[in-house]
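Written out below as structure tokens is the structure these notes cover.
Only this structure's heavy atoms are used, side chains among them; waters, hydrogens and symmetry mates stay out. Small disclaimer: the values here were computed from a predicted structure and weren't measured.
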Amino acid sequence: MGLILVRHPQPDVAPGICYGRSDVSTSIEAIERVAAGLRAAGLPGDLPVHASPLLRCARLAAALDVPVTLDARLAEMDFGAWEMRAWNAIPRAEVDAWAADLLHYRPGGGENVLEAARRVAAFRQELRHPALVVCHAGTIRLLSALHAGGAIEQAALRAASNSHRIGYGEVIVLKD
């Protein structure tokens, strides 16, 4: 299965804020800039388009002027009480607890990485064709790790440990 993964444009959130599952928007200009870049690259072409239902992804996918399937399994991880808080305001002990147990710890009481990996894996398993997927950095890391193979726990840990910074509007291609 070939996948073209696109990260959403930069959201309207101050730097240093945790905004995982929070439904923050992006400017129309940012959406149009990324959409224009995708169109200039010939995307999505005849590929089906799937997107996270969060505004920053759904609006970009809609700007491509093709049918879009919104799928909640593509949403970013839920950071619970950490959402919309400054990362440096989150107690260091909580961040350390998450770092000590990346798979099972629930940051802010939200979702753990293994749960996120299971829902993203369910999406990937149902996808039977090449597609363009508009989603989030965490979802892209999970899809990439799942694509590399291995048990879901291994893939989730690889994704959570991956320090690769995925730029806003960046395109990642996963080849068969």
Side-chain angles (χ1 to χ4, degrees), residues 5-35 37-38 50-63 68-124 133-147 152-172:
L5 310 174
V6 181
R7 186 178 183 200
H8 59 78
Q10 184 168 356
D12 296 327
V13 175
I17 300 295
C18 175
Y19 61 87
R21 185 70 61 91
S22 295
D23 204 5
V24 296
S25 188
T26 56
S27 71
I28 291 170
E29 295 80 18
I31 289 168
E32 277 307 313
R33 187 172 40 257
V34 175
L38 292 171
H50 300 266
S52 161
L54 299 180
L55 292 174
R56 56 196 185 264
C57 296
R59 288 184 176 161
L60 172 58
V68 176
T69 302
L70 299 179
D71 194 315
R73 296 173 295 182
L74 294 170
E76 184 60 280
M77 194 167 130
D78 181 356
F79 288 95
W82 292 8
E83 295 277 340
M84 300 310 294
R85 290 179 60 193
W87 281 103
N88 63 10
I90 297 167
R92 184 68 198 181
E94 290 182 35
V95 175
D96 289 346
W98 184 28
D101 187 5
L102 288 172
L103 286 183
H104 302 103
Y105 185 80
R106 297 175 179 281
E111 181 178 35
N112 68 41
V113 172
L114 188 55
E115 289 169 333
R118 285 184 176 134
R119 69 175 161 75
V120 171
F123 165 82
R124 183 179 177 274
V133 179
V134 180
C135 56
H136 312 271
T139 309
I140 290 171
R141 280 193 292 276
L142 285 166
L143 284 166
S144 297
L146 290 163
H147 185 75
I152 194 163
E153 293 82 2
Q154 293 169 324
L157 193 54
R158 276 196 312 271
S161 302
N162 185 342
S163 62
H164 175 242
R165 298 275 180 203
I166 300 167
Y168 296 112
E170 186 173 338
V171 176
I172 308 271

Result block: side-chain N/O donor-acceptor pairs under 3.5 angstrom for residues 24-34, not counting sequence neighbours:
unit_1 : atom_1 : unit_2 : atom_2 : d
Ser25  : OG     : Arg59  : NH1    : 2.6
Ser27  : OG     : Ala30  : N      : 3.0
Glu32  : OE1    : Arg39  : NH2    : 3.4

| note | Those residues at least two apart in sequence (or on a different chain) that pass side-chain contact (heavy atoms from CB on, under 4.5 Å) with Ala117 are Leu142, Ile152, Ala156

| Residue pair Gly20 / Leu54: nearest heavy atoms and the distance that separates them | O-CD1, 4.0 Å

| query | How would you list, by chain and number, every residue that makes a salt bridge (Lys or Arg N to Asp or Glu O under 4.0 Å) with Asp71, sequence neighbours excluded? | reply | Arg73

| Quick one: CH2 on Trp98 to CZ on Phe79, what's the gap to the nearest 0.5 Å? | 4.0 Å

| request: Looking only at non-hydrogen atoms, find the nearest pair between Asp78 and Gly80 and report the distance. | output: OD1-N, 2.8 Å

| field | Minimum-distance pair of heavy atoms, taken over all atoms of Ala35 and Ala63 | value | CB-CB, 4.0 Å

| query | What pair of heavy atoms forms the shortest contact from Glu76 to Ala137, and how long is it? | reply | OE2-N, 3.8 Å

| Which residues pass the side-chain hydrogen bond (donor to acceptor under 3.5 Å, both in side chains) test with Ser144, sequence neighbours left out? | none

| task | Identify the heavy atoms of Ala116 and Met77 that sit nearest to each other, and give their distance. | result | CB-CG, 4.4 Å

| task | Specify the closest pair of heavy atoms between Val6 and Gly169, including all atoms of both residues, with the distance to one decimal. | result | CG1-O, 4.3 Å

| Test side-chain contact (heavy atoms from CB on, under 4.5 Å) applied to Ala51 - qualifying residues, sequence neighbours left out | Ala61, Val68, Leu70, Val134

| request: Report the distance from atom CG of Leu74 to atom CG of Leu143, rounding to the nearest 0.5 Å. | output: 7.0 Å

| field | Of all pairs that satisfy salt bridge (charged side-chain N to carboxylate O under 4.0 Å, His left out), the ones with a partner from residues 93-114, not counting sequence neighbours | value | Arg21-Glu111, Arg92-Asp96, Arg106-Glu115, Glu111-Arg119

| task | Please check if the side chain of Arg7 supplies one atom and the backbone of Ile166 the other of a donor-acceptor pair under 3.5 Å. | result | yes

| query | Which pairs, with at least one residue in residues 5-27 and sequence neighbours excluded, count as a ring-ring contact (aromatic ring centres under 6.0 Å, His included)? | reply | His8-His136, His8-Tyr168

| query | Hey, does the side chain of Ser22 reach the backbone of Glu83 with a donor-acceptor pair shorter than 3.5 angstrom? | reply | no

| task | Can you measure from CG (Asp12) to CG (Leu55) and round to the nearest 0.5 angstrom? | result | 10.5 Å

| Within-4.5 Å side-chain heavy-atom neighbours: Leu146 and Phe123 | no

| said: List the residues meeting side-chain contact (heavy atoms from CB on, under 4.5 Å) with Glu153, not counting sequence neighbours, and say none if there are none. | reply: Leu103, Leu114, Arg118, Ala151

